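Bear in mind that the values here come from a model prediction, so they are computed numbers and not experimental data. Every chain is numbered from 1, with letters handed out A, B, ... down the list of sequences.
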Amino acid sequence: MNINATLLGQAIAFALFVIFCQKYIWPPIIGALRERQKNIADGLAAATRAEGDLELAQKNATAKIKEAKNQASELLAQANKRAGGIVDEAKDQANEERARILASAQAGIEQEINRAREELRTSVARLAVEGASIILKKEVDEKAHAEILDDLAGQL
Amino acid sequence: MAGDTLTSSEYIKHHLTNLTYGQHSDGSWGLAHTAEEAKEMGFWAFHVDTLAFSILLGALFLIIFAKAAKYATSGVPGGLQNFVEWVIEFIDDNVKSSFTGKNNFIGSLGLTVFVWILLMNTMDLVPVDFLPELAKLLGVNNLKVVPTTDPNATMGMALSVFGLTLFYSFKIKKPGGFFAELAFHPFPKYLFPVNLLLEGVSLIAKPISLGLRLFGNMYAGEMIFILIALLPWYIQWSLSLPWAIFHILIVVLQAFIFMVLTIVYMDMAYTVDEH
């Protein structure tokens, strides 16, 4: 436990170690540490930025979807309107057609009635003449009584 | 495990004697064979064991750290780099919190101080008889394994730190400012001899307390290991194990204290007082 030149030896060794450390150990490792710190900070900043971008993109996408939806509903409304128009038109046409068919059918029926009436009239006149001739036992001169018969037929 | 031929006091004395190389009283150079012979060698003698172990451990530290530094990458670090970065970041944090000046040399100083002292202190955890007995087989009669139990080692570092603080005090404050700090504080200027005495004592006390604190702690710890080793072999473990576990704390704590104080003293050298 004597104080001797070991002291100096230790001091020299210490000095050399510190110098070596300062030259070859401390700078590269602390440099790597700082650089990694910077990289991580940059990465975090980029992540934050990306988050913002994502939010923006989502907003954009939502707006686009909304727009598309609006357009689609507009188109749908137009189509509905158009379809309604077509149906209405068809209805109108059908009504017209019906009216036309109805009118022609009625005209036909009227004609038929008139014809039947005419037929009936003539046959009734004949029946009446026959009936009268049978009753009078004498032939009625059709020509002489044509005026009466026509009158009769006109009353029917 | 005291040898049969040794008494307890001889055993302790043997364990506390360094392997000393110096000039014998008859004028020839060589290793001292007894503690008395070592004492007679005076100042110009070397503790071979202290120097060898401290330099070996210092080299071990530098080799491992230099290897990590060589392959240091800012990308994903490997296991060794991880460990080395952890240590360096720890030192860097301490420097940042205690040292207010601007000098990137303090980090290297703190790192060397911490790891080197830690390694030297850790030698205390090697069983006390293991390396000395091994050395005896190789014909070396005295071997003190823990460099920090040699005041030469601790004072060598403490005085180096002291020299650095003086250097930076002169450099930063200029000789006039440094003198003013010592002379015009804490009493008014006309009492400057008293101030000089007080501040001078506190200035000198710093390196001495720095070196002796480490030495005293490690010496006491080593001494207790030696005393435990005097007990019968079958009960040694019951005391040496708890003491070793407790000593792990002291090993790290003393290295940490030495490192922090080194940084604080350097900071004091840098700080200009408002006087």
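Interatomic distance, A:C21 SG to B:I91 CD1, rounded to the nearest 0.5 Å: 9.0 Å. Atom-to-atom distance recorded for B:N104:CG and A:Q22:CD is 5.0 Å, nearest 0.5 angstrom. For the atom pair CH2 of B:W116 and CZ of A:F14, the computed distance is 7.0 Å after rounding to the nearest 0.5 Å. Within the model, atoms CD of B:Q81 and CG of A:L33 stand 7.5 Å from one another, a figure rounded to the nearest 0.5 Å. Here the straight-line distance linking atom CZ of B:F61 with atom CD1 of A:I25 works out to 5.0 Å at 0.5 Å rounding. Rounded to the nearest 0.5 angstrom, B:D150 CG and A:Q10 CD are separated by 7.5 Å.
Scored by the side chain to side chain donor-acceptor pair (under 3.5 Å) test, A:R115 finds A:E112 as partners (sequence neighbours excluded). Every residue two or more places apart in sequence or in another chain that forms a side chain to side chain donor-acceptor pair (under 3.5 Å) with B:S74 is listed here: A:E35.
Taking both residues in full, the closest heavy atoms of A:W26 and B:S108 are given as CB-OG, 3.3 Å, listed atom of the first, atom of the second, then distance. Closest non-hydrogen pair, B:P151 versus A:I3, comes out as CB-CD1, 4.2 Å. For the residue pair B:G156 and A:A11, the shortest heavy atom distance occurs at O-CB, 3.9 Å.
Of all residues spanning residues 48-55 of chain B, those with a heavy atom less than 4.5 Å away from chain A's heavy atoms are B:T50, B:L51, B:S54, B:I55, arranged by number.
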Practice item. Quick one: do A:T6 and B:F43 satisfy side chain to side chain contact (heavy atoms under 4.5 Å, CB included)? Show the steps, please. Key: CA-CA 9 Å; A:T6 312; B:F43 183 76; over 6 Å; no
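Other residues, nucleotides and ligands contribute over 12 non-hydrogen atoms within 6.0 Å of the CH2 atom of B:W29. Other residues, nucleotides and ligands place no more than 12 heavy atoms under 6.0 Å from the CZ atom of B:F83. For NZ of B:K39, the number of neighbouring non-hydrogen atoms (other residues, nucleotides, ligands) closer than 6.0 Å is 12 at most.
Contact count against chain A (heavy-atom pairs under 4.5 Å) is highest for B:M157 among B:M41, B:K70, B:M155, B:M157.
Among the candidates B:V115, B:T112, B:L109, B:V113, the single residue satisfying the side-chain contact (heavy atoms from CB on, under 4.5 Å) test with A:F17 is B:T112.
At a 4.5 Å heavy-atom cutoff, the contact between B:A59 and chain A is made by backbone atoms alone. Heavy-atom distances place no part of A:I19 under 4.5 Å from chain B, backbone and side chain included. When heavy atoms are compared at a cutoff of 4.5 Å, B:L62 approaches chain A by way of both its backbone and its side chain. The part of A:Y24 that comes within reach of chain B is its backbone (N, CA, C, O), which places non-hydrogen atoms under 4.5 angstrom from that chain.
Judged by distance alone, the side chain of B:N152 and the main-chain N or O of A:N4 form a donor-acceptor pair under 3.5 Å.
Contacts classified as salt bridge (Lys or Arg N to Asp or Glu O under 4.0 Å) and involving residues 74-100 of chain B (residues at least two apart or in different chains) are given here: A:R34-B:D92, A:R36-B:E85, B:D92-B:K96.
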